Amino acid sequence: MGLFITMEGPDGAGKSTQIDLLRDYLLEKGYDIIVCREPGGTEISESIRQIILNKDYTKMGNMTELLLYAAARAQLVEEVIRPAIEEGKVVICDRFLESSVVYQGIARGMGIELVYKVNEYAIGDMMPDLTVMIDLDAEEGIQRKKNQTELDRMERESIEFHEKVVDGYRSLLDQGLDRIKRVDGMQPVDAIQTRIRELVNKLIES
Ligand code: TYD
């Protein structure tokens, strides 16, 4: 069986940069790597992404949002993640279950029980072996995003919303789930990567 690693954190935490570096590292070590992002990662899931993040869809209800994220995830698990894990590959996914728990369950206030329940249908038993959470204050993350691109529907949410996201991630860390590890997002890129590699190597050895 392969390894399933997910990367989490608020908008602007630098997940994609870190994923690229981790992929290079693991490729060099001879692993077969699949990288995917959520929402997206398959043709159908990317189409769902276009709907979810469309900045003109300001009318989108919370339940619609939750179910669309879960639908995109179900397709990604079925089409990409499960087959890759069964073939013994390493899958690195940019966002997964915890994004829904935090953004929809906590920041949107839908409740984490509901989010877990809906996602049970989408994910089944395909749980990550390691979840790296890049921790960063909301203000800092959104400022970084603003400097990079035009903001999408989620990124246009209020700073209060993004603060709830950050608090949500921190509350998950406080629960002390073994699989979820914090990395300080204020550290330089190289230092963050070193820490992530340590975590991944520990997982590989175990
Ligand atoms: P992403 O493309 O990862 O944003 P970025 O690369 O800019 O961090 O994710 C898009 C947005 O969707 C992001 O604001 C987080 C949000 N999101 C949820 O609200 N719930 C989810 O389940 C997922 C996967 C993402």
Side-chain angles (χ1 to χ4, degrees), residues 4-22 35-42 44-55 57-58 60-77 80-81 91-112 114-123 126-128 131-169 172 180 183 185 192:
F4 183 22
I5 301 167
T6 61
M7 199 71 77
E8 292 281 354
D11 290 274
K15 290 179 279 87
S16 14
T17 308
Q18 294 299 334
I19 289 173
D20 287 348
L21 293 168
L22 181 62
V35 172
C36 47
R37 69 160 178 188
E38 278 218 61
T42 74
I44 294 170
S45 310
E46 290 290 335
S47 298
I48 298 172
R49 178 186 177 94
Q50 297 302 320
I51 300 173
I52 303 179
L53 297 181
N54 188 328
K55 64 178 169 41
Y57 289 172
T58 50
M60 189 179 293
N62 288 347
M63 184 56 81
T64 307
E65 185 181 283
L66 172 67
L67 294 172
L68 285 175
Y69 278 116
R73 182 165 300 137
Q75 187 66 29
L76 180 67
V77 167
V80 177
I81 300 176
V91 176
I92 309 172
C93 196
D94 188 341
R95 298 193 180 280
F96 198 64
L97 173 61
E98 276 69 36
S99 284
S100 285
V101 171
V102 167
Y103 283 78
Q104 282 66 55
I106 299 174
R108 293 280 193 229
M110 299 189 78
I112 63 174
L114 172 68
V115 174
Y116 280 124
K117 199 185 277 181
V118 167
N119 275 276
E120 242 179 70
Y121 295 106
I123 296 172
M126 205 67 255
M127 287 297 279
T131 297
V132 176
M133 203 292 247
I134 305 183
D135 188 21
L136 189 80
D137 285 339
E139 193 94 46
E140 173 73 23
I142 288 302
Q143 199 50 51
R144 288 184 191 180
K145 273 280 154 189
K146 271 188 192 155
N147 295 339
Q148 288 164 10
T149 55
E150 197 195 358
L151 300 185
D152 64 35
R153 189 177 64 85
M154 300 301 282
E155 288 157 357
R156 280 163 197 258
E157 282 295 335
S158 64
I159 189 69
E160 290 76 24
F161 177 84
H162 291 287
E163 274 161 2
K164 282 186 198 160
V165 167
V166 170
D167 289 347
Y169 274 121
L172 287 188
I180 307 182
V183 174
I192 296 176

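Whatever order the structure lists ligands and atoms in, that order sets their numbers, starting from 1. Predicted model, so just to flag it, every value in this text is computed and none were measured.
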Report the member of [options] with the shortest heavy-atom distance to [atom].
{"atom": "atom 24 (C) of ligand 1", "options": "Arg73, Glu98, Met154", "result": "Arg73"}
{"atom": "atom 1 (P) of ligand 1", "options": "Gln148, Arg108, Arg95", "result": "Arg95"}
{"atom": "atom 21 (C) of ligand 1", "options": "Tyr103, Tyr69, Phe161", "result": "Tyr69"}
{"atom": "atom 10 (C) of ligand 1", "options": "Val101, Leu66, Leu53", "result": "Leu53"}

Is it true that Glu150 and Arg156 have a side-chain N and a carboxylate O under 4.0 angstrom from each other? yes
With a heavy-atom distance limit of 4.0 Å, tell me whether [X] approaches ligand 1 through its side chain, its backbone, both, or neither.
{"X": "Gln104", "result": "side chain"}
{"X": "Lys145", "result": "side chain"}
{"X": "Glu8", "result": "neither"}

Could you tell me the residue and atom name of the protein heavy atom closest to atom 13 (C) of ligand 1, and the distance to it rounded to 0.1 Å? Asp11 OD1, 3.3 Å
Identity and distance of the protein heavy atom lying nearest atom 22 (O) of ligand 1: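 Protein heavy atom with the smallest distance to atom 22 (O) of ligand 1: Ser100 OG, 2.5 Å.
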Does ligand 1 have an atom that lies less than 4.0 angstrom from a heavy atom of Lys15?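 Checking ligand 1 against Lys15, which is what was asked, there is a heavy-atom contact under 4.0 Å.
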Whether Arg49 lies under 4.0 Å from ligand 1, heavy atom: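 Flag set, Arg49 near ligand 1.
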Closest non-hydrogen atom pair, Leu136 against Pro10: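 Smallest interatomic distance, heavy atoms only, reads O-CG, 3.6 Å.
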Considering non-hydrogen atoms only, spot the tightest contact between Tyr57 and Arg153 and give its length.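 Closest heavy-atom pair between Tyr57 and Arg153: O-CD, 3.3 Å.
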Measuring from Thr17:OG1 to Ile192:CD1, what's the distance to the nearest 0.5 Å? 9.0 Å
In residues 99-112, what donor-acceptor pairs under 3.5 Å come from side-chain atoms, sequence neighbours left out?
unit_1	atom_1	unit_2	atom_2	d
Ser99	OG	Glu8	OE1	2.6
Ser99	OG	Arg95	NH1	3.1
Ser99	OG	Tyr169	OH	3.3
Ser100	OG	Arg73	NH1	2.9
Ser100	OG	Arg73	NH2	3.3
Tyr103	OH	Asp11	N	3.4
Tyr103	OH	Asp11	OD2	2.7
Tyr103	OH	Arg95	NH2	3.1
Gln104	NE2	Glu65	OE2	2.6
Arg108	NE	Glu65	OE1	3.4
Arg108	NE	Glu65	OE2	3.0
Arg108	NH1	Glu157	OE2	3.0
Arg108	NH2	Glu65	OE1	2.8
Arg108	NH2	Glu157	OE2	3.4

Asp137 side-chain N/O to Glu140 backbone N/O, donor-acceptor pair under 3.5 Å: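 No; judged by distance alone, with no hydrogens or angles, the pair does not exist.
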N/O of Glu155 under 3.5 Å from N/O of ligand 1, yes or no? yes
Start with the C-alpha distance between Asp152 and Lys55, add both sets of side-chain angles, then the distance that settles salt bridge (charged side-chain N to carboxylate O under 4.0 Å, His left out), and finish with yes or no. CA-CA 5 Å; Asp152 64 35; Lys55 64 178 169 41; over 6 Å; no
Among all residues two or more places apart in sequence or in another chain, which pass the salt bridge (Lys or Arg N to Asp or Glu O under 4.0 Å) test with Glu46? Arg37
